[in-house]
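In what follows, a single structure is set out as structure tokens and then discussed.
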2 protein chains.
Amino acid sequence: MTTSSMVNLFSLNTSSGIPIYRQLIDQIKQAIRMDLLKPGEQLPSVRNLASALQINPMTISKAFAQLELEGVLIRKRGIGMLVTEQEKGEALTPAIELPLVEFIQNARSENLDDESIMTLVQQYLSIHTKG
Amino acid sequence: MTTSSMVNLFSLNTSSGIPIYRQLIDQIKQAIRMDLLKPGEQLPSVRNLASALQINPMTISKAFAQLELEGVLIRKRGIGMLVTEQEKGEALTPAIELPLVEFIQNARSENLDDESIMTLVQQYLSIHTKG
DNA sequence: CTTAGTGTATCATTATATTAATACACCAAT
DNA sequence: ATTGGTGTATTAATATAATGATACACTAAG
């Protein structure tokens, strides 16, 4: 995908109450999950994005700083931002992995601790018997 | 449990960055999940709690307002606050329950046994650390 | 070295969330 | 009705988070 057409991946809602930088983070992650962004691909520059989305370059930069922390992409001054080469080496299928990751993220965002999460899984394993 | 001994359920950390009212919410929910608080039981009054924990009564009240919204307890002026009669599983939000059920069903359809599923969850809990 | 592209550290501003002070509302028992 | 207990609406103060302006740093190419 060209960097200019990548801009269309983003759809910001400034009145949703969700911070812009968080919307960016989520939408980039989603694009990667959906294979719209592939490892090694270059993202639009902070200024291009900022101009296209009508926001401050620093807001882009901060969002991408977070994504770099999470290992999703790499930033280089003078160069740009690249999607990381991901280890997808695990034998897990997306049908298992995606809902698992989503479950864990949502559970944590509702402040369940790890022990509670494990208990929950146990409960559901006993409820949803194989049939 | 007596309302006075319930105070010991709470352990607030004012320098953790996590808001007090959120710590209260989480600790109450956890106590209910662990059966330390049972349906019908009465909680300490906002003033007792506030005094014991050295915080403002309104902070307690706001935490409990949230819990009432979530159906965890009921507040009555002049009376006090009671733990709701309910089944524990009902407090789960769709954001947690849906991916959990999907995960378990898909894992089973790929012939993972329960032990493997639990191990998987444990692995992902350690990989997808909070943040 | 200059230019024109990249990202960013620092700080100021603005917006939002959290906590607290006060006065009030409700209930049960006297 | 009074007392002494319950929770709370309103508002103000404070703390934290998010955004933005500016000046700067890094890189590749001419």
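The basis for the numbers below is simple: all heavy atoms, side chains too, and nothing from hydrogens, waters or symmetry mates. Just so we're clear, the structure is a prediction, and the values are computed from it rather than from any experiment. Residue numbering restarts at 1 for every chain, and letters A, B, ... go by the order of the sequence lines.
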TODO: Write down the distance between CE (M58(A)) and P (dT22(D)), rounded to a whole number of angstrom.
DONE: 14 Å
TODO: Examine dT8(D): is either OP1 or OP2 under 4.0 Å from a nitrogen or oxygen in the side chain of R75(B)? Give yes or no.
DONE: yes
- [ ] Return the nearest nucleotide to the side chain of P19(A); candidates are dA18(D), dT6(D), dG7(C).
- [x] dA18(D)
TODO: Nearest 0.5 Å please: distance from the CE atom of M81(A) over to the CZ atom of R75(A).
DONE: 8.0 Å
Open item on the list: Less than 4.0 angstrom between a side-chain N/O of S61(A) and OP1 or OP2 of dG7(C), yes or no?
Closed with: no
- [ ] For I60(B), report the nucleic acid contact type (base, sugar-phosphate, nothing); a contact means any heavy atom under 4.0 Å.
- [x] nothing
Task: From E85(A) atom CD to I74(A) atom CD1, the distance as rounded to the nearest 0.5 Å - done: 8.5 Å
Open item on the list: Between C1' on dT16(D) and CD1 on I20(B), what's the gap in Å once rounded to a whole number?
Closed with: 14 Å
Task: Interatomic distance, F64(A) CZ vs dA9(C) P [rounded to whole Å] - done: 15 Å
Task: Side-chain N,O (T59(B)) to OP1/OP2 (dT19(C)) below 4.0 Å - done: no
- [ ] Please report, rounded to the nearest Å, how far the P atom of dA28(C) is from the CD atom of Q42(B).
- [x] 12 Å
TODO: Give R47(B) one of three labels, base, sugar-phosphate or nothing, depending on what nucleic acid heavy atoms sit under 4.0 Å from its own.
DONE: base
Task: Distance in Å, N8(B) CG paired with L36(B) CG, rounded so as to fall on 0.5 Å steps - done: 11.5 Å
Open item on the list: What contact category does Y21(B) fall into here, base, sugar-phosphate, or nothing, at under 4.0 angstrom with non-hydrogen atoms?
Closed with: sugar-phosphate
Open item on the list: From the set dT8(D), dA21(D), dT6(D), return the single nucleotide nearest to any side-chain atom of N56(A).
Closed with: dA21(D)
Open item on the list: Once rounded to the nearest 0.5 Å, what's the spacing between atom NZ of K62(A) and atom CD1 of I20(A)?
Closed with: 12.5 Å
- [ ] Between dT19(C), dG7(D), dA9(C), spot the one nearest the side chain of R77(A), thanks.
- [x] dA9(C)
Task: 5' precedence on DNA chain C between G17(A) and G78(A) (nearest-nucleotide basis) - done: G78(A)
TODO: Mind calculating the distance between CD (Q66(A)) and P (dA17(D)) to the nearest angstrom?
DONE: 13 Å
Task: Separation of dT19(D) C1' from K62(A) NZ (nearest whole Å) - done: 8 Å
TODO: Starting from P on dC26(D), measure out to CD1 on I74(A) and report it in whole angstrom.
DONE: 19 Å
TODO: Name the nucleic acid region contacted by K76(B), choosing base, sugar-phosphate or nothing; use a 4.0 angstrom heavy-atom cut-off, strictly under.
DONE: sugar-phosphate
Open item on the list: Both P57(A) and I18(A) contact DNA chain D. Taking the nearest nucleotide for each, which residue is further toward the 5' end?
Closed with: I18(A)
Open item on the list: Nearest whole Å is fine: how far is dC26(D) P from L82(A) CG?
Closed with: 19 Å
Open item on the list: I need the F103(A) CZ to I104(B) CD1 distance, nearest 0.5 Å.
Closed with: 7.5 Å
Open item on the list: Categorize I55(A) for me: base, sugar-phosphate, or nothing, with a 4.0 angstrom heavy-atom threshold over every strand shown.
Closed with: sugar-phosphate
TODO: Might you confirm whether atom NZ of K38(A) has over 12 heavy atoms from other residues, nucleotides or ligands at distances under 6.0 Å?
DONE: yes
